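The structure under discussion appears below in the form of structure tokens.
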Amino acid sequence: MKIASFNINGVKARLPRLLEWLDICEADVVCLQELKSMDDSFPRLEFEDRGWHLETHGQKGFNGVALFSREPLQDVRRGLPGDDSDEQARYIEGTQKGVRIACLYLPNGNPAPGPKYDYKLAWMERLKKRATELFNSEQPTVITGDFNVIPTEKDCYDPAAWLNDALFLPQTRAAFQTLLYQGWTDAIRQIHPQGDCFTFWDYQRGSWEKDNGIRIDHFLLSPQAADRLQDAGIDRAQRGKEKASDHVPVWVTLSD
DNA sequence: ATGTCGGATAATATCCGA
């Protein structure tokens, strides 16, 4: 079973690139972030004509997440629990072949400090609570998406330049580590313990050309999923294409 | 300090968010 995650930065702007990649990705389930589309204006037919089942959780202009799958998903749940007043579309869960899959777009949090950073930390606290429930269910579970967290210095081309950024502040990294300490496996680091493993290169300052990347798209696997981890990777080549997203797809394969 | 994108609103630019 292959599960992929891709922050596409606008489903309409990315349509040709996304369709092209979906045709070759060989994924059973695709987790998408930053759709920037409402559900009722989502270009569904483009994907459904190619055999994908869609579960979208959209919002006007910003955010938005979705699960695409080859077979219909079960028990789809939209929104991160813990704050009924939060209207930002950043979280969706579904089940495929007994594997619980959570797709998230964690708040960026800049500028920090400030209300946006407060929202990020509160969101991470809510995620921790939901992760505890998922962990305790003992169901094979995968939490993936754009975490907007650079976990360690080796996940950044120039850690000194990011010291005051919401993606790399000590409190941000600590909150991510707290998740890992629950017993989740960082699947991409597990498979690739050395090397950069960047997943994002800013559109500005020639970041891609200089390989000034960061690793912020992750897969967290519960013990029951980690036991089945076969491989994990990053489709780095997607970043070099015309009209590319600033993120690239990441993926894991689990044994059946 | 700035560089680039995508989207919304309103406009032939300007803002926000990233």
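Treat the numbers as computed from the prediction; the structure is a model and nothing was measured.
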Consider only side-chain N and O atoms of A/Thr199 and A/Arg215, and report whether a donor and an acceptor are under 3.5 Å apart.
no
Sorted by chain and residue number, the salt bridge (charged side-chain N to carboxylate O under 4.0 Å, His left out) partners of A/Arg78 (sequence neighbours excluded) come out as A/Glu55
Using a 4.0 Å heavy-atom cut-off across all strands, classify A/Arg90 as base, sugar-phosphate, or nothing.
sugar-phosphate
Interatomic distance at P, B/dT2 relative to B/dC15, whole Å:
13 Å
B/S/- contact track for nucleotides 1-8 of chain B, protein heavy atom under 4.0 Å
--BBSSSS
Short of 4.0 Å, heavy atom to strand atom, which residues of residues 102-126 of chain A count as contacting DNA chain B?
A/Tyr105, A/Asn108, A/Lys116
In whole angstrom, give me the gap between the C1' atoms of B/dC16 and B/dA10.
14 Å
My understanding is that only residues two or more places apart in sequence, or in another chain, count here; which of them pass side chain to side chain contact (heavy atoms under 4.5 Å, CB included) with A/Lys116?
A/Pro111
What is the separation between atom CD1 on A/Ile8 and atom C1' on B/dG17, rounded to the nearest whole Å?
16 Å
Residue pairs fulfilling ring-ring contact (aromatic ring centres under 6.0 Å, His included) with at least one residue in residues 219-256 of chain A, sequence neighbours excluded
A/Phe200-A/His247
May I have all residue pairs that pass ring-ring contact (aromatic ring centres under 6.0 Å, His included) and include part of residues 51-97 of chain A, sequence neighbours excluded?
A/Phe47-A/Phe68
Write down the atom of A/Val149, the atom of A/Pro151, and the distance for their closest heavy-atom approach.
O-CD, 3.3 Å
If we take the P atom in both B/dA11 and B/dG6, what is their distance in whole Å?
24 Å
Are a donor atom and an acceptor atom from the side chains of A/Gln182 and A/Thr132 found within less than 3.5 Å of each other?
yes
Taking the same atom, P, in B/dA13 and in B/dA1, what whole-Å distance lies between them?
28 Å
Cut-off 3.5 Å, side chains only: do A/Asn110 and A/Asp165 have a donor facing an acceptor?
yes
Integer-rounded Å distance: B/dC16 P and A/Asn63 CG:
17 Å
